[in-house]
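Contents: one structure, followed by commentary.
Labels below follow one simple rule: chain letters A, B, ... track the order of the sequence lines, proteins then strands, and each chain is numbered from 1.
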Amino acid sequence: MDKQALRERQLDLAQQVRIPQSSRQDLALNPGDWVFTTDVQYQGDIGAVAVDVLRWPKEPVGTVIKTYEVTVPYAPGFFAFREGPLLINALEDIAREFNRYPKVIITDGHGTNHPRQFGLACWLGVTTGYPVIGLAKDTLLPYTGELPPEQGAALPVLLDEKVVGHALRTRKNVKPVFVSAGHKVSQGIALETVKQLMGQYRNIEPMRRADQAARQAFRG
DNA sequence: GCGACAG
DNA sequence: ATCTTGTCGC
Ligand SMILES: [Mg+2]
């Protein structure tokens, strides 16, 4: 598939994305709910997927590591087609081996903060039906305004006057991360959920663990 | 045309 | 993302 065909595929699938407008249909996390956070490390054509499992709001349960072959090259704006299938594999393996299913998933990559409002978190949500939140360290779209230096400060990211995500300062005086809804969660709840997972570092706690674990897969 | 880009 | 340990600075 060429770029234009992939763009059309994204625009088509984007029709299936559901971002709740009323709190009635929004994500509601209760104590003990399962939250999965994913990250992937790449080495050649191998991808090591790490899935951090936690019970809301703060109890780390463990991290699962799985490796799969990677067949799709990276291209900005089309990241979902590369990383998405690996995440599906990992979720299927976890379901089979541990009989465990997430209430929400947090991905290392954007949701609606995307030129066609269809980043990795949207793709994963539409593909699986799970609520998904996108979390990335850089943004393709600009945010305007002066982001206060304090931890917890946030500013919206706009696309055609629509809020498609937020810049969130997870640590004082450090470059923000970017939070956006992927599927079945509002921008506001996505932001609040990530805020509650902030720790001492720029990366939220579960993403740090996933990053660390995936990295570990290629060492010893 | 320039620039610049999730992982 | 990867190549990669110690070192510099807030
Ligand atoms: Mg990553």
Go ahead and write out DNA chain B as dot-bracket, 5' to 3': ( ) for pairs within the strand, [ ] for ones crossing earlier pairs, | when the partner sits on another strand, dots for unpaired; Watson-Crick or G-U wobble, both distances under 3.5 Å. .......

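Judged by distance alone, with hydrogens and angles left aside, the side-chain atoms of A:Gln151 form a donor-acceptor pair with the main-chain N or O of A:Thr170 at under 3.5 Å.
Each of A:Asp39, A:Thr63, A:Asp52 was scored for a side chain to side chain donor-acceptor pair (under 3.5 Å) with A:Arg209, with one residue passing: A:Asp52.
No more than 12 heavy atoms of other residues, nucleotides or ligands sit less than 6.0 Å from atom CD of A:Gln200. Within 6.0 Å of CZ in A:Arg9 there are 12 or fewer heavy atoms belonging to other residues, nucleotides or ligands. Annotation for A:Arg24: atom CZ does not count as buried by contact number, only 12 or fewer foreign heavy atoms lying within 6.0 Å. Environment of CD in A:Gln212: sparse, with no more than 12 heavy atoms of neighbouring residues, nucleotides or ligands closer than 6.0 Å. For A:Glu146, the CD atom counts as loosely surrounded, since its 6.0 Å shell holds 12 or fewer non-hydrogen atoms of other residues, nucleotides or ligands.
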Find every protein N or O atom lying less than 3.5 Å from an N or O atom of nucleotides 6-10 of chain C, and list the pairs.
none

Might you list the N or O atoms of the protein lying below 3.5 Å from N or O atoms in nucleotides 3-5 of chain C, with each pair's distance?
none

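By the rule that hydrophobic residues join a cluster once side-chain heavy atoms approach within less than 4.5 Å of another member, A:Ile106 and A:Ile65 end up as members of separate clusters. If you chain together hydrophobic residues whose side chains sit under 4.5 Å apart, A:Leu29 and A:Leu197 fall into the same group.
Contacts classified as salt bridge (charged side-chain N to carboxylate O under 4.0 Å, His left out) and involving residues 175-195 of chain A (residues at least two apart or in different chains) are given here: A:Asp138-A:Lys175. Sorted by first and then second residue, the ring-ring contact (aromatic ring centres under 6.0 Å, His included) pairs involving residues 177-220 of chain A (not counting sequence neighbours) are A:Tyr143-A:Phe178.
A cation-pi arrangement is absent between A:Arg7 and A:Phe118 under the rule of less than 6.0 angstrom and at most 45 degrees off the ring axis.
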How would nucleotides 1-7 of chain B be written as a contact map, 5' to 3', with B for base contact, S for sugar-phosphate-only contact and - for no contact, using protein heavy atoms under 4.0 Å? ----BBB

